[in-house]
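The structure appears right after this line, and notes come after that.
Each chain gets a letter, A, B and so on, in the order its sequence line appears, and its residues count up from 1.
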Amino acid sequence: MRTSQFPLFTLKEVPADAEIVSHRLMLRAGLIRKLASGLYTWLPWGLRVLHKVERIVREEMNRAGAVELLMPAVQPAELWKESGRWDQYGPELLRFHDRHGREFCYGPTHEEVITDLARRELRSYRQLPINFYQIQTKFRDEVRPRFGVMRAREFVMKDAYSFHLDEDSLAETYQQMYETYARIFTRLGLEFRAVQADTGAIGGRASHEFHVLAESGEDAIAFSDASDYAANVELAEALPPSGPRPAPTQPMQLVDTPGVRSIEEVSRFLGVPVERCLKTLVVRGDEGLVALVLRGDHTLNEVKAAKLPGVTAPLEMADDEEIRARLGAGVGSIGPVGLDLPLYVDHAAGHVADFVCGANVDGKHYTGVNWGRDLPEPETVDLRNVVEGDPSPDGRGRLHIVRGIEVGHIFQLGTKYSAAMKASVLDEQGRAVTMTMGCYGIGVSRIVGAAIEQHHDERGIVWPEPIAPFQVAIAPINWRKSQRVRETAERLYMALEEAGMEVILDDRDVRPGVMFADLELVGIPHRITVGDRALDRGVVEYQARREGDAIDLPLDAVVGHLRARPQR
RNA sequence: CGGGGUAUGGCGCAGUCUGGUAGCGCACCUGCUUUGGGAGCAGGGAGUCGGGGGUUCGAAUCCCUCUACCCCGACCA
């Protein structure tokens with residue numbers, strides 16, 4: 001390709017609304033343009049990258065024996081009503097009517113459609129297991145789209161759905177998909193981690209997420225420094241503290257704490273460390289309010305809390321009026337002593353002695369409170385998010401917390417959809433058996449953003465070789481005037497193309513600085529500079545995007561040199 | 001959903017408080033010069049000042065209203 005035929009749309013200045021580096025660089029490098037909130041056009045250079053990601057995903061899915069199909073993006077409401085998700089899914093599901101007034105949605109995921117297909121087409125256990133996949137555009141009406149293609153409303157996803165006669169078969173395919181995903185992200189040149197995950201809105205049992213590690217990631221993941229334990233912080237279990245609780249040393253006292261509300265204020269006002277201040281959160285439950293007690297330095301894990309019996313899922317915090325009406329005191333003065341609410345106490349909070357807590361009277365707190373003496377011994381549960389340094393739940397090592405971008409997610413669904421939609425096959429005995437399902441997603445367009453998040457420098461994108469829009473750029477200096485430069489560049493271009501490389505020849509008549517800046521911004525891994533100065537010495541210059549200095553190469557050595565480069 | 005902010009040539013911004021002929025940088029077009037790190041000179045084109053309504057002799061500027069986009073929050077005890 002030539003830049004005259006395959007134009008760059010690079011930007012010197014960044015549109016003001018781009019927040020994170022990958023979004024800025026995708027705009028500046030001319031990979032995408034925004035149409036509306038969460039909706040992006042893929043420009044030619046960006047589309048090349050997207051297609052490369054797709055190709056690797058497709059190759060590895062095919063290698064794993066999955067079969068590709070393509071389902072409609074628009075789906076009839078009936079199927080969603082059958083699965084029960086028409087009512088469950090909420091406003092993220094974009095719904096509309098056709099001219100006959102029939103209800104449809106734009107598919108955010110395809111369990112219903114594939115299950116409908118499977119129940120029609122699959123009759124016998126002999127057809128199982130089977131794993132269907134597609135690469136297709138999804139729409140999720142996100143509350144708050146942001147970060148460019150990382151959280152867009154319309155996005156490209158690879159979704160796969162497997163069907164099985166039994167759990168063992170599902171477990172086998174699940175494991176195979178786990179390995180396939182690891183291979184895909186390795187081939188893409190990304191630093192990633194597979195972690196145990198919550199099943200969320202899709203439902204089902206076992207589940208792993210694949211995260212590209214990056215500071216800007218929206219998820220926190222916890223992993224052990226001494227084992228292969230890794231989990232989304234949403235899920236990571238906080239173990240109860242070991243050893244006995246310290247014995248009480250203080251009497252319980254009611255103290256005035258006028259205007260003191262937050263844990264930090266309480267701690268400062270009373271001179272008690274935050275770890276010895278307990279906070280009491282009030283949430284809505286199936287029958288009125290429920291109180292959750294945590295250590296002041298810990299944060300509530302909403303996923304864990306929502307799973308507690310009697311607590312609403314998803315979790316809803318009670319508002320100030322509700323609390324005041326029920327307890328006679330405001331948020332900020334609530335505590336477990338004498339509290340007339342169902343109470344859940346976090347393991348760590350139940351292990352604190354001589355603690356401070358709200359007194360259920362405005363402007364008053366208790367100090368020196370002790371479980372089992374001033375209030376009943378609590379039964380403790382896991383309520384909090386793990387923090388850096390917590391013991392690993394598998395008993396080996398300590399947890400570290402890093403941030404990640406979720407790019408893949410695999411689930412063992414079980415029969416959630418197949419049962420609701422009556423998808424069964426006949427087994428060896430001729431009995432109808434509800435099929436067991438798995439599903440496996442990869443955020444194809446998100447990967448492009450995630451890759452940039454992980455691979456860039458101050459000059460722009462530094463693509464991993466396998467997904468670079470082109471492998472090699474030829475930068476001819478003084479293209480118009482120097483016939484020698486032009487002829488050499490053309491000859492090189494032909495030779496590299498013939499060698500099977502993807503080459504972009506920058507035949508714009510622009511000054512070298514402009515050319516170099518653009519080629520670095522768009523992140524081409526290898527650059528050959530052709531200029532009279534080097535040609536006088538009988539060479540051209542080779543510059544790797546991720547390395548410092550250029551080296552001289554004789555013309556006939558260029559193809560060999562590029563071939564010898566390790567794929568990264 | 002709640003809170004905050006922004007909207008002025010393609011992009012980035014000033015001008016708005018204090019009403020009086022719409023400006024700057026980059027980009028773009030033409031010509032000449034230039035060609036190893038985002039060139040120089042000269043000339044040029046391009047804006048319903050987000051939409052609608054109002055106040056006024058006069059509105060980018062003041063008032064009302066709508067829309068779009070962005071940010072923050074949805075752990076506060």
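Rounded to the nearest Å, the gap between the C1' atom of B:C13 and that of B:U8 is 10 Å.
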Taking N or O atoms only and anything under 3.5 Å, show me the protein contacts with nucleotides 43-51 of chain B, one pair per line.
none

Review item, nucleotides 27-35 of chain B N/O atoms under 3.5 Å of protein N/O:
{"residue": "B:U34", "atom": "O2", "partner": "A:R511", "partner atom": "NH1", "Å": "3.0"}

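In this structure, A:R28 reaches the bases: a heavy-atom distance under 4.0 Å links it to at least one base atom across the strands shown. Nucleic acid contact for A:L11: none, since no nucleic acid atom lies under 4.0 Å from a heavy atom of the residue. Contact annotation for A:N385: base contact, defined as any heavy-atom pair under 4.0 Å involving a base atom. Heavy atoms of A:A534 sit under 4.0 angstrom from at least one base atom. The residue A:E302 sits close only to the backbone: its heavy atoms come under 4.0 Å of sugar-phosphate atoms, none of a base. Nucleic acid contact class of A:Q543 (heavy atoms, under 4.0 Å, all strands): none. Counting non-hydrogen atoms under 4.0 angstrom, A:R527 reaches a base of the nucleic acid. Within the 4.0 angstrom heavy-atom criterion, base atoms lie near A:R459. Residue A:G531 is in base contact, counting any heavy-atom pair closer than 4.0 Å across all strands shown. Using a 4.0 Å heavy-atom distance criterion, A:L294 is classed as making no nucleic acid contact. Contacts of A:S333 with the nucleic acid, taken as non-hydrogen atoms under 4.0 Å apart, involve only primed sugar atoms and P, OP1 or OP2.
Contact annotation: side chain of A:R508 to base of B:G38, donor-acceptor pair absent below 3.5 Å. Counting atom types as modelled, A:D532 pairs no side-chain N or O with a base atom of B:G36 as donor and acceptor under 3.5 Å. Side-chain atoms of A:S37 and base atoms of B:C69 include no donor and acceptor less than 3.5 Å apart. With hydrogens and angles ignored, no donor-acceptor pair closer than 3.5 Å exists between the side chain of A:E13 and the base of B:G10.
Taking the side chain to side chain donor-acceptor pair (under 3.5 Å) definition, one finds that A:H561 meets it with nothing, sequence neighbours left out. A:F96 pairs by the side chain to side chain contact (heavy atoms under 4.5 Å, CB included) definition with A:V74, A:L94, A:F104, A:Y106, not counting sequence neighbours. Annotation: side chain to side chain donor-acceptor pair (under 3.5 Å) contacts of A:E388 (sequence neighbours excluded): A:H400. Listed by chain and residue number, nothing satisfies the side chain to side chain donor-acceptor pair (under 3.5 Å) test with A:R486 (two or more places apart in sequence, or in another chain). Looking at residues two or more places apart in sequence or on another chain, you find a side chain to side chain donor-acceptor pair (under 3.5 Å) between A:E218 and A:R151. In this structure A:V156 satisfies the side chain to side chain contact (heavy atoms under 4.5 Å, CB included) test together with A:L50, A:E54, A:I135, A:T137, A:V444, A:S445, sequence neighbours excluded.
The interatomic distance linking A:E316 (CD) with B:C76 (P) rounds to 17 Å, in whole Å. A straight line from CG of A:L43 to P of B:C11 spans 14 Å, rounded to a whole angstrom. Between A:L315 atom CG and B:G73 atom C1' there is a gap of 16 Å when expressed in whole angstrom units. Across the protein-nucleic acid pair, A:K364 atom NZ and B:A77 atom C1' stand 17 Å apart, rounded to whole Å. In this structure, A:L300 places its CG atom 12 Å from P of B:A74, rounding to the nearest Å.
Note that A:R446 lies outside the cation-pi zone of A:F155, set by a 6.0 Å cut-off to the ring centre and a 45° limit from the axis.
Pair check for B:G31 finds B:C41; Watson-Crick or G-U wobble, both atom distances under 3.5 Å. Across all strands shown, B:C72 is found opposite B:G2 as a Watson-Crick or G-U wobble partner, with both distances under 3.5 Å. Base pairing of B:U18: no nucleotide in any strand meets the Watson-Crick or G-U wobble criterion (both distances under 3.5 Å). Shown here, B:A7 forms a base pair with B:U67; the pair counts as Watson-Crick or G-U wobble because both key distances fall under 3.5 Å.
In terms of position along RNA chain B, the nucleotide closest to A:A18 lies nearer the 5' end than the nucleotide closest to the other residue of the pair A:A18 and A:G335. Comparing A:L278 and A:F147, the nucleotide of RNA chain B nearest to each residue sits closer to the 5' end for A:F147.
Heavy-atom distances under 4.0 Å link RNA chain B to no residue of residues 266-273 of chain A.
The side chain to side chain donor-acceptor pair (under 3.5 Å) analysis of residues 333-353 of chain A, with sequence neighbours excluded, yields the pairs A:H347-A:T380. For the ring pair (Phe, Tyr, Trp, His ring centres under 6.0 Å) condition, the pairs that include at least one residue of residues 354-377 of chain A, sequence neighbours left out, are A:F355-A:W371.
Checking side-chain atoms of A:D362 against main-chain N and O of A:A329 turns up no donor-acceptor pair under 3.5 Å.
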Just list the side-chain donor-acceptor pairs under 3.5 Å for residues 272-282 of chain A, sequence neighbours left out, or say none.
{"residue": "A:R276", "atom": "NH1", "partner": "A:D354", "partner atom": "O", "Å": "2.7"}
{"residue": "A:K279", "atom": "NZ", "partner": "A:H298", "partner atom": "O", "Å": "2.8"}

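Residues A:T299 and A:L294 form no side-chain contact, since every pair of their non-hydrogen atoms from C-beta on lies 4.5 Å or further apart. Contact check for A:I474 versus A:L496: side-chain heavy atoms found under the 4.5 Å cut-off.
The listed nucleotides are B:C71, B:G38, B:G37; the one nearest the side chain of A:E520 is B:G37. Each of B:A74, B:A39, B:A77 was ranked by its minimum atom distance to the side chain of A:V514; first place goes to B:A39.
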For this session: Give the C-alpha distance, both sets of side-chain angles, the deciding distance and a yes or no for side-chain contact (heavy atoms from CB on, under 4.5 Å) between A:L492 and A:L555.
Result: CA-CA 8 Å; A:L492 256 179; A:L555 258 187; 3.8 Å; yes
